[in-house]
Amino acid sequence: MIAGRPPSTGRIRPKQADVYVRGSDTDWRLLAAVESVAGKLGVTMTQVALNWVATQPGVASAIVGASSADQLGANVAALDLELPAELRAELDEASSVPPPSVYRMFTPEYQGRLVSPGVKVGDKPAGYAPAVRNWAPESRG
């Protein structure tokens, strides 16, 4: 969809009820924000999306596809846009996702998937027995 993120869940768009379109809640929220910003600036949604993605910090390039010279010209013109700070913030907010828990790797569910499915943290393998100590330390006396 936008910024190279593939759509993830199925949903039908109201304007195109005969077309099955996939997208997560974040995708739909971002799509609405792009549509809103495009309307406010009087440009296409594609131009807003390309400009926003291409001007993100750390983005070295944006992949652009066009099926005609006019479409390519419109895509290149997107780089001449200046997104006002409040509209950029609207797009940033719409695309944000809560960060995953830093400590989720310590949960039993995560450890069970990581170590061995179905095994709980702290379980001993089948047949485990503590080491037998057959020697005694020398006493110094």
Between Ser67 and Gln71, which heavy-atom pair has the shortest distance, and what is it?
-> N-OE1, 2.6 Å

Distance in Å, Leu87 CG paired with Asp92 CG, rounded so as to fall on 0.5 Å steps | 11.0 Å

Cationic N near anionic O, under 4.0 Å, Glu90 to Lys40 | yes

Is a side-chain donor or acceptor of Glu35 paired with a backbone partner of Met45 at a separation under 3.5 angstrom?
-> no

The reported gap from OG1 in Thr26 to CG in Leu31 (rounded to nearest 0.5 angstrom) is 12.5 Å

Is a side-chain N or O of Asn51 found less than 3.5 angstrom from the main chain of Leu81, in a donor-acceptor match?
-> yes

Step by step, work out the side-chain contact (heavy atoms from CB on, under 4.5 Å) result for Val48 and Val43.
-> CA-CA 7 Å; Val48 169; Val43 297; 3.6 Å; yes

Who pairs with Ser68 by side-chain hydrogen bond (donor to acceptor under 3.5 Å, both in side chains), at least two apart in sequence or on another chain?
-> none

Same apolar cluster: Trp28 and Val37, side chain cutoff 4.5 Å | yes

Backbone N or O of Trp52 within a donor-acceptor pair of the Gln56 side chain at under 3.5 Å?
-> yes

Does Glu86 CD have over 12 foreign heavy atoms under 6.0 Å away?
-> yes

Check the surroundings of atom CD in Glu93: do more than 12 heavy atoms from other residues, nucleotides or ligands lie under 6.0 Å from it?
-> no

Donor-acceptor pair, side chain of Asn75 and main chain of Leu72, under 3.5 angstrom | no

What closest approach, in Å, do Gln47 and Ala78 show between heavy atoms, and which atom pair accounts for it?
-> O-CB, 3.4 Å

So do the side chains of Thr55 and Arg88 get within less than 4.5 Å of each other, counting heavy atoms only?
-> yes

